[in-house]
Amino acid sequence: MQTDPSPRPSSGPVTRFAPSPSGHLHVGGARTALFCWAFAKGRGGKFLIRIEDTDQKRSSDAASVGFLKDLDWLGIRWDEGPEYTAPDGTLVGGGPNGSYFQSERLPIYARYTEKLVAEGKAYEAWDSPEELEAMRKEATARKEAFRYRFRGEVTAEERARYLAEGRVPVVRFRTPQVAITIQDEVLGDATLPAGEVDDFVIRKKDGFPTYHFAVVVDDELMGVTHVLRAQEHFTNTAKHMVLQDALGFRRPTYGHLSIIKNPDDSKMSKRDKDKVLRKAVKEKALSAPPAGTVTAEEWTKWLGDENVQLDLDGAIRLAEALKVQLPEINVDDFRRSGYLPEVICNFLALNGWSPGHDIEKFDNGFLKERFGFDRVMKTPAKFDRVKLLAFNTDAITGMAPAEFARRCRLHADQYRPDYVARLGDAKFALLMTACQERSKTLDDPFRTNGFLLVADDALAFSDDKTVRKALGIGAAPADGSRSGLEHLRAMRGVLAGLSEWTQAALESAATAYAAEHAQGKIGAVAQPLRIGVSGGTVSPPIWDTLVLVGRASALARIDRCIAWAGALG
RNA sequence: GGCCCCAUCGUCUAGCCUGGUCCAGGACACCUCCCUUUCACGGAGGUAACGAGGGUUCGAAUCCCUCUGGGGUCACCA
């Protein structure tokens, strides 16, 4: 394990993305990583990843770095960091400055902590949590912010007594009482008055460094030159600066990014999914979980406590049953919903940065060339999923058909295997050509065509206004012309007698029929057929749909539809 | 509450540094019309913002001040 400062590279900046371990990458984190990556890679520098797992309570599963796959999927790869094998076999990560897990660097931090203590720049503090709490209360009562200050030398006898009592000290930094000016390339300079930063803890009771200490040591050792991170760290920068000065470290350039919010101004959170589901359950006044979603036990527990979150699979099943769309929060949520990685990157970059000149559509290569701290937005942005969807739609409709088919297939293999199995290659390909121009996501061909999967005798016909109108139920045409249902009955016979079941044959037969019986209005014939085979009024082009469903199924479904509609009156 | 930061259409933003070319541009959304076998796409047009009040100046979205509003932070979390 190397502990000497890595030399500043003669060429290019070094940036880092330093999240706590997690299985998922949040969109805010994705944007931070994207900007860090773009800045370094656009200037011939290095981008590295470091796992900040110094909280033993929250990092029990230090191996949980599932978010790395999300980063890779977005097209963001790191020059140094945790090792990861990409789906294409490439080994990403590693590097000379490891370990990239802070929990594995304890001896390094200890060395620097001891140095500070030896120099009198840091000291042991023996206060118990209760004592600290009391001090905080007192400060609050005086309407002051609590600031911990050096409380006097601890004598050898006192120290021995504390030890005997079983107390374990933390180490606090003796913060110089001077005004501190934070230089930030995004927000500009900010001066904190003297005394604003207290004697904060740098080593916890469990021997782990605090975030502030580990960050400063690692950024130095790993040669980080530019720190781009979330705005919540802005004020913390002062702590990092005093530490750097005490340790004789170089100072990176800082830039802080504003947060990303929901359209309703709330902070984007993984709880948003449960929020949507709870609302739907309440609106539908459900008293028991829909069959096949979650267990009664989970249901009761979840409804009984706002803090309980459903596991992802259960939440997805419930959302399907309730016909609500779960909000995407993490990168893999967007992936599952069929968003393209290049679109996510483009859109994320636009939330908080802009290249100017009214340019909106660009790729990571462009971002790399153009990104700089100077055009980063200072204000928080609301994450507009509608605009994201529009961007995704543009990318999909502008895609070469073969490319669309290829990527949909990859998506289906992962998230919609039942379609692949049911349709077979030829029909799968047909579904792709039939769906591309009306698809907004890679998932739309599947999400919107569930009727392709259900058994003929299980297809449900939706009894709503548009269906009734198309079939002429309850309102027969006043002019005595055929109703939709009558067209369907007649077409049933036409279809049954067709010599071949192709789009061309179906269309010409229907066109001929319509010319004779529907004043040439093909729509009057197509809609009833659509309802007959799909159960509703929305599907891909009708001739494609009929081919996709297949002759036997189509006829069986139409028979059921006629019976169903006849019973409605 | 203390400290710090921020403020352009509903939303993301261009313009602000280097005042006049901005009665503020683009995109998404929205509205109207057209196209249409459903849905969607597409085409044409439209509504819509410089938070408020004071200055400075011949002239302010652009510079200064106050207010208001928003955000961040005040942990042995990161």
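Throughout, protein chains are lettered first and strands after them, A, B, ... in sequence-line order, and every chain is numbered starting at 1. Scope of the values below: all heavy atoms of this structure, side chains included, with no hydrogens, waters or symmetry mates. Predicted, not measured: the structure shown is a model, and the values here were computed from it.
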Next on the checklist: Check this for me, if you would: do A/K387 and A/E360 make a salt bridge, where the nitrogen-to-carboxylate-oxygen distance has to be below 4.0 angstrom?
Outcome noted: yes
From NE2 of A/H26 across to P of B/rA78 the rounded distance in Å is 19 Å
Using Watson-Crick geometry (N1-N3 plus N6-O4 or O6-N4) or G-U wobble (N1-O2, O6-N3), each under 3.5 Å, B/rA61 is paired with none
From CG of A/N236 across to P of B/rA75 the rounded distance in Å is 11 Å
**Report entry** Distance test, side-chain N/O of A/K204 to OP1/OP2 of B/rC77, below 4.0 Å
**Finding:** yes
_Pair A/D272-A/N262, side-chain hydrogen bond (donor to acceptor under 3.5 Å, both in side chains): steps then yes or no_ = CA-CA 9 Å; A/D272 291 349; A/N262 280 318; 2.7 Å; yes
Given 3.5 Å as the limit, does a donor-acceptor pair link the side chain of A/Y109 with the main chain of A/P209, or not? no
Next on the checklist: Any donor-acceptor pair, under 3.5 Å, between the side chain of A/R438 and the base of B/rC39, if you only look at N and O atoms?
Outcome noted: yes
**Asked** Across the strands shown, which category fits A/K440 at heavy-atom distances under 4.0 angstrom: base, sugar-phosphate, nothing?
**Response** sugar-phosphate
- Indicate yes or no: does A/D463 engage A/R468 in a salt bridge with an N to O separation below 4.0 Å. yes
* Asked: When rounded to the nearest Å, what value does the distance between C1' atoms of B/rC9 and B/rA29 take?
  -> 11 Å
Answer for the Watson-Crick or wobble partner of B/rC17, both distances under 3.5 Å, is none
- Query: Below 6.0 angstrom between ring centroids: does that apply to A/H240 and A/Y211?
  - Reply: yes
Between CD1 of A/I260 and P of B/rG72 the distance, given in whole Å, is 13 Å
Side-chain contact check for A/F234: nearest option of B/rC4, B/rA75, B/rG72 is B/rC4
Of the listed B/rA78, B/rG71, B/rC76, the closest approach to the A/E52 side chain comes from B/rA78
A/A122 and A/I202 have their tightest heavy-atom pair at CB-CD1, 4.1 Å
Taking a pair to mean Watson-Crick or G-U wobble geometry with both distances below 3.5 Å, B/rG2 pairs with B/rU73
inquiry  = If I pick the P atom on B/rA48 and the same atom on B/rC31, what distance separates them, to the nearest angstrom?
reply    = 16 Å
Would you tabulate the pairs of protein nitrogen or oxygen atoms and nucleotide nitrogen or oxygen atoms of nucleotides 47-49 of chain B closer than 3.5 angstrom?
none

Stepwise side chain to side chain contact (heavy atoms under 4.5 Å, CB included) check, A/R159 with A/W126: CA-CA 9 Å; A/R159 200 184 128 92; A/W126 298 82; 3.5 Å; yes
Margin query: Just to be sure I understand the rule, does A/R172 reach a base, reach only the sugar-phosphate, or reach nothing, if contact means heavy atoms closer than 4.0 Å?
Written below: sugar-phosphate
* Please state whether the phosphate of B/rA75, meaning OP1 or OP2, lies under 4.0 angstrom from any side-chain nitrogen or oxygen of A/R147. => no
Base, sugar-phosphate alone, or nothing: which one does A/L132 contact when heavy atoms must sit under 4.0 Å apart? base
| message | Rounding to an integer number of angstrom, what distance separates B/rU47 and B/rA27 when you compare their P atoms? | response | 15 Å
Any ion pair linking A/R407 and A/E342 (charged N to carboxylate O, less than 4.0 Å)? yes
As its Watson-Crick or G-U partner within any shown strand, both distances under 3.5 Å, B/rA49 has none
Here the distance between atom P of B/rC3 and atom CD of A/Q177, to the nearest Å, is 16 Å
- prompt: In whole Å, what separates the C1' atom of B/rC77 from that of B/rC22?
  reply: 47 Å
* To do: Verify, without hydrogens or angle tests, whether A/N392 (side chain) and A/L340 (backbone) share a donor-acceptor contact under 3.5 angstrom.
  => yes
Please test A/S103 against A/D53 for side-chain hydrogen bond (donor to acceptor under 3.5 Å, both in side chains), starting from the C-alpha separation and ending with a verdict.
-> CA-CA 6 Å; A/S103 60; A/D53 55 351; 2.7 Å; yes
Output one line per pair: protein atom, nucleotide atom from nucleotides 6-13 of chain B, and distance, for all N/O pairs under 3.5 Å.
residue : atom : partner : partner atom : Å
B/rC12  : OP1  : A/K382  : N            : 2.9
B/rC12  : O2'  : A/L350  : O            : 3.0
B/rC12  : O2   : A/K387  : NZ           : 3.3
B/rU13  : OP1  : A/G352  : N            : 2.7

Give A/N262 one of three labels, base, sugar-phosphate or nothing, depending on what nucleic acid heavy atoms sit under 4.0 Å from its own.
nothing
With a 4.0 Å cut-off on N to O distance, would you call A/R489 and A/E486 a salt bridge? no
B/rC50 and B/rC34, which share atom name C1', separated by this distance in whole Å = 35 Å
Expected list for residues 390-402 of chain A near RNA chain B, using heavy atoms below 4.0 Å, is A/A390, A/F391
Quiz prompt | Donor-acceptor pair, side chain of A/N346 and main chain of A/F362, under 3.5 angstrom | solution = yes
When rounded to whole Å, the NZ to P distance for the pair A/K137 and B/rA75 reads 15 Å
Assign A/P541 to base, sugar-phosphate, or nothing according to its heavy-atom contacts below 4.0 angstrom with the strands shown.
base
Q. Given side chains that start at C-beta, do those of A/L34 and A/F17 come closer than 4.5 Å, heavy atoms only?
A. no
Check the phosphate of B/rU37 against A/R530, side-chain N and O only, distance under 4.0 Å to OP1 or OP2. Yes or no? no
Could you work out the separation of B/rG55 and B/rA49 based on their P atoms and round it to a whole Å?
25 Å
By the Watson-Crick or G-U definition, both distances under 3.5 Å, B/rG10 is matched with B/rC28
Are A/D218 and A/R16 close enough for a salt bridge, meaning some N to O gap below 4.0 Å?
-> no
Pairing partner of B/rC33, by Watson-Crick or G-U wobble and under 3.5 Å for both distances, is B/rG43
| If you look at every strand shown and take non-hydrogen atoms under 4.0 Å, does A/T191 touch a base, only sugar-phosphate, or nothing? | sugar-phosphate
A/K469 NZ to B/rU37 P, in whole Å, measures 15 Å
Syn within 90° of 0, anti beyond: B/rC41 is syn
Checklist entry - When the P atoms of B/rC30 and B/rC39 are considered, how many whole Å apart are they? => result 15 Å
Run A/R151 and A/E131 through salt bridge (charged side-chain N to carboxylate O under 4.0 Å, His left out) and show every step you take.
CA-CA 13 Å; A/R151 307 181 71 211; A/E131 288 164 345; 5.4 Å; no
When we call it a touch if two heavy atoms are under 4.0 Å apart, what does A/F200 touch: a base, just sugar-phosphate, or nothing? nothing
**Message:** Over all strands shown, is A/E232 touching base, sugar-phosphate only, or nothing at heavy-atom distances under 4.0 angstrom?
**Reply:** base
*Rounding to the closest angstrom, what is the interatomic distance between B/rG25 and B/rU62 at atom C1'?*
15 Å
Please check: side-chain N/O of A/D184 versus main-chain N/O of A/L187, any donor-acceptor pairing under 3.5 Å? yes
From the candidates B/rU37, B/rG72, B/rU38, the one with an atom nearest any side-chain atom of A/I259 is B/rG72
Rounded to whole Å, the NE2-C1' distance (A/H256 to B/rA78) equals 13 Å
Practice task
Could you check whether A/V170 gets within reach of a base, just the sugar-phosphate, or nothing at all, counting any heavy atom under 4.0 Å?
Solution key: base
note: A/L388, atom CG; B/rA29, atom P; distance rounded to Å ~ 12 Å
